[in-house]
Q: 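Can you read through this structure? Questions will come right after.
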Amino acid sequence: LHDDLLEQAEQLAKIDARRPKQASLRRAVSAAYYALFHLLTSSASALYAAEFGLAARINRTHNHGDMKKASSLIANDKLPKGVQPPGGGYTTPPDLKTVANAFVSLQQARHEADYDLSRTFRRQETLAFVQAARQAFAAWERVRKTDDARLFLASFLLWKRWDEDPR
């Protein structure tokens, strides 16, 4: 689904060669966000289940706001207290920062595209959002098998718990 959504986002951003319709540009922004959302949620669900049915049920537990919060923390090198390395000093790998920053910015753009009718989108700006999603896909491919990436994915569901005082 995520690859199809990314392809659809690009098609929508390029449709109507002379005067793109706001509906097409807005749907392109939304599709770019959902492409990244589904890439990450399917990867996260795979951490917990190999069987598709169970993974799909786990996938539905992901919350957009929690994912944005976790992405923002990771992008800013702010691991929750419960998972910080001894002595601190954690630095998020650049590819993971690319993914996390793209998630945050695309989610904000998706909110504007879906809910702020006073906002006008331009084709170049929309294509930049699609490109940010593409870059996040490529960065994810490079980082997805690392412990940092697995921590990032787990943080979607667990970051609140990790911030609790263990006492």
Side-chain angles (χ1 to χ4, degrees), residues 1-13 26-86 88 90-115 129-167:
L1 179 62
H2 48 273
D3 288 326
D4 291 342
L5 284 167
L6 189 55
E7 182 180 326
Q8 184 182 58
E10 187 158 348
Q11 290 170 354
L12 285 166
R26 289 171 178 276
R27 295 310 305 149
V29 169
S30 189
Y33 165 72
Y34 277 109
L36 185 55
F37 173 82
H38 285 290
L39 173 68
L40 295 175
T41 58
S42 65
S43 296
S45 297
L47 286 176
Y48 306 106
E51 190 264 317
F52 178 75
L54 179 57
R57 290 194 308 272
I58 293 169
N59 211 20
R60 294 187 47 81
T61 66
H62 289 92
N63 174 286
H64 296 270
D66 288 343
M67 289 176 67
K68 182 180 180 183
K69 176 66 174 175
S71 294
S72 182
L73 290 171
I74 295 291
N76 291 300
D77 299 322
K78 294 182 179 174
L79 287 181
K81 296 173 205 156
V83 293
Q84 288 181 6
Y90 177 80
T91 302
T92 304
D95 280 331
L96 196 51
K97 276 191 179 193
T98 296
V99 174
N101 281 318
F103 187 86
V104 171
S105 65
L106 286 169
Q107 188 182 99
Q108 179 61 40
R110 199 264 318 166
H111 279 272
E112 292 173 9
D114 288 352
Y115 304 117
F129 286 128
V130 173
Q131 182 61 24
R134 281 204 183 283
Q135 289 170 342
F137 269 51
W140 182 249
E141 186 58 33
R142 291 187 297 269
V143 75
R144 69 186 178 87
K145 293 184 180 181
T146 67
D147 283 341
D148 290 305
R150 286 186 281 279
L151 178 69
F152 174 58
L153 296 173
S155 71
F156 295 160
L157 297 176
L158 302 172
W159 72 270
K160 287 179 186 176
R161 299 288 311 256
W162 285 338
D163 247 358
E164 292 175 358
D165 187 352
R167 290 181 268 163

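All values reported here derive from a predicted model rather than from experimental measurement.
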Q: Are the side chain of N63 and the backbone of G65 linked by a donor-acceptor contact shorter than 3.5 Å?
A: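 Side chain of N63 to backbone of G65: a pair is present.
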Q: Which distance, rounded to the nearest 0.5 Å, do you find between the NZ of K78 and the CD of Q84?
A: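 It comes to 11.0 Å.
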Q: Is it true that the side chains of T91 and D77 contain a donor and an acceptor less than 3.5 Å apart?
A: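 Their side chains do not contain a donor-acceptor pair, so the 3.5 Å distance test is not met.
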Q: Tell me whether S30 contacts the main-chain N or O of R26 through its side chain, where contact means a donor paired with an acceptor under 3.5 Å.
A: no
Q: Do D148 and Y90 have side chains that get closer than 4.5 Å, going by heavy atoms?
A: yes
Q: Without swapping roles, check the side chain of S72 against the backbone of K68 for a donor-acceptor pair under 3.5 Å.
A: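 Checking the backbone N and O of K68 against the side chain of S72, no donor-acceptor pair under 3.5 Å is found.
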Q: Roughly how far, to the nearest 0.5 Å, is CG of L96 from CZ of R142?
A: 11.5 Å
Q: Please round to the nearest 0.5 Å and tell me the distance separating atom CZ of F52 and atom CZ of R57.
A: 11.0 Å
Q: Any side-chain heavy atom of L157 within less than 4.5 Å of one from Y48?
A: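 A side-chain contact exists here, since the closest heavy-atom pair is under 4.5 Å.
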Q: Enter the distance from F129:CZ to E112:CD here, rounded to the nearest 0.5 Å.
A: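 Nearest 0.5 Å value for the CZ-CD distance: 7.0 Å.
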Q: Sub-3.5 Å donor-acceptor pair from the side chain of D66 to the main-chain atoms of F156, do we have one?
A: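 No: the side chain of D66 does not pair with the backbone of F156.
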Q: Measuring only between side-chain heavy atoms, which start at C-beta, is D114 closer than 4.5 Å to R27?
A: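 Touching, per the 4.5 Å side-chain cut-off.
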Q: Okay, side chain of T98, backbone of P94: is any donor-acceptor separation there less than 3.5 Å?
A: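 Yes, because the side chain of T98 sits within donor-acceptor range (under 3.5 Å) of the backbone of P94.
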Q: Does any non-hydrogen side-chain atom of L6 lie less than 4.5 Å from one of V130?
A: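 SC-SC contact between V130 and L6 confirmed.
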Q: Considering residues, nucleotides and ligands other than K69, do more than 12 of their heavy atoms fall under 6.0 Å from its NZ?
A: no
Q: Rounded to the nearest 0.5 Å, what separates atom CG in L73 from atom CG in L79?
A: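 L73 atom CG to L79 atom CG measures 8.5 Å (nearest 0.5 Å).
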Q: Can you tell me how far the CG atom of L151 sits from the CD1 atom of I74, to the nearest 0.5 Å?
A: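 The CG atom of L151 sits 5.0 Å away from the CD1 atom of I74.
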Q: Measure from the side-chain N and O atoms of S155 to the backbone N and O of A70, and report whether any donor-acceptor pair falls under 3.5 Å.
A: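 Judged by distance alone, no pair lies under 3.5 Å.
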Q: Is the backbone N or O of S42 less than 3.5 Å from a side-chain atom of S45, with the two atoms forming a donor-acceptor pair by type?
A: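 Between the backbone of S42 and the side chain of S45 there is no qualifying donor-acceptor contact (under 3.5 Å).
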Q: Would a distance-only check, ignoring hydrogens and angles, find a side-chain to backbone donor-acceptor pair under 3.5 Å from H62 to N59?
A: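 Looks like yes, one N/O pair under 3.5 Å.
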Q: Between W140 and L36, is any pair of side-chain heavy atoms under 4.5 Å apart?
A: no
Q: Is any side-chain heavy atom of V99 closer than 4.5 Å to a side-chain heavy atom of F152?
A: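 They are in side-chain contact.
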Q: Ignoring hydrogens, what is the shortest heavy-atom contact between E51 and G53? Give both atom names and the distance.
A: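 Reported closest heavy-atom pair: OE2-N, 2.8 Å.
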Q: Compare every heavy atom of A75 with every heavy atom of A100, then report the nearest pair and how far apart it is.
A: CB-CB, 3.8 Å
Q: For A13 and A28, which heavy atoms make the closest approach, and how far apart are they?
A: N-CB, 3.7 Å
Q: In this structure, which one of H111, Q107, H38 forms a side-chain hydrogen bond (donor to acceptor under 3.5 Å, both in side chains) with Y33?
A: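 Running side-chain hydrogen bond (donor to acceptor under 3.5 Å, both in side chains) over H111, Q107, H38 with Y33 returns exactly one hit, Q107.
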Q: To check you understand the geometry: which heavy-atom pair defines the closest contact between A149 and V143, and what is its length?
A: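 Closest pair (atom of A149, atom of V143, distance): CB-O, 3.2 Å.
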Q: Is any NZ, NE, NH1 or NH2 atom of the basic residue among D147 and R150 found under 4.0 Å from an Asp or Glu carboxylate oxygen of the other?
A: yes
Q: Do R110 and Y115 touch side chain to side chain, with heavy atoms closer than 4.5 Å?
A: yes
Q: What heavy-atom pair brings A133 and A32 nearest, and what distance separates the two atoms?
A: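 The pair with the smallest heavy-atom distance is CB-O, 3.9 Å.
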